[in-house]
Amino acid sequence: MNEKRMFKRSDLNTKVKLQILTNDRLVENTEFYVDLVDVSGEGIGFISDRQLLIGECFRGKMTLWTKETLEVIIKIVRSEEAEDAFHYGGIFVGLNDSDAIRIKIYQLYEENEV
């Protein structure tokens, strides 16, 4: 299968704290953690035991390998049910330039690691 993504994906295994975002407002007491699988300049792939809907938006706090925390807003664009969890793809909505550069630096570091 040919890869059609514009951005390279890199493995990044960590937890991400998400909170539901509706009508540009955070919904109180809706925080939960998901397992991040990969990251790109466009979005993230993650696994959750919660069923989420395509089109839903979330604010997340993602920690990079440098222990820097990025605050991101993601929109669910892909959902796949597995045996004991759900696999999701989310795109970044309004990722600022400095955070996009941090992700690219992470990917360059990962590519050149011996």
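Just so you know, these numbers come straight off a predicted model, no measurement behind them.
In this structure, CG in L18 is found 11.5 Å from SG in C57, a value given to the nearest 0.5 Å. Distance CG/L70 to CD1/I44: 10.5 Å, rounded to 0.5 Å. Note that the CZ atom of R59 and the CD1 atom of I20 stand 12.5 Å from one another [nearest 0.5 Å]. Between the CD atom of E56 and the CD1 atom of I74 there is a distance of 10.0 Å, given to the nearest 0.5 Å. Separating the CD1 atom in I73 from the CG atom in L26 is a distance of 8.0 Å, to the nearest 0.5 Å.
Taking hydrophobic clusters as Ile, Leu, Val, Met, Phe, Trp and Tyr residues chained together by side-chain heavy-atom distances below 4.5 Å, V37 does not share a cluster with V77. Cluster annotation: L21 and F32 are assigned to distinct hydrophobic clusters (Ile/Leu/Val/Met/Phe/Trp/Tyr, side-chain heavy-atom contacts under 4.5 Å, transitive).
Taking every heavy atom of both residues into account, G45 and L36 meet most closely at O-CD1, 3.5 Å.
Looking at T69 and M62, their side chains never come closer than 4.5 Å, going by heavy atoms from C-beta outward.
Take E31 and apply the side-chain contact (heavy atoms from CB on, under 4.5 Å) test, not counting sequence neighbours, and it matches K17, Q19.
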Can you give each donor-acceptor pair under 3.5 Å made by side-chain atoms of residues 85-96, sequence neighbours left out, with the distance rounded to 0.1 Å?
residue	atom	partner	partner atom	Å
Y88	OH	R50	O	2.9
Y88	OH	L52	N	2.6
N96	OD1	S98	N	3.3
N96	OD1	S98	OG	2.9
N96	OD1	D99	N	2.8
N96	ND2	D99	OD2	3.3

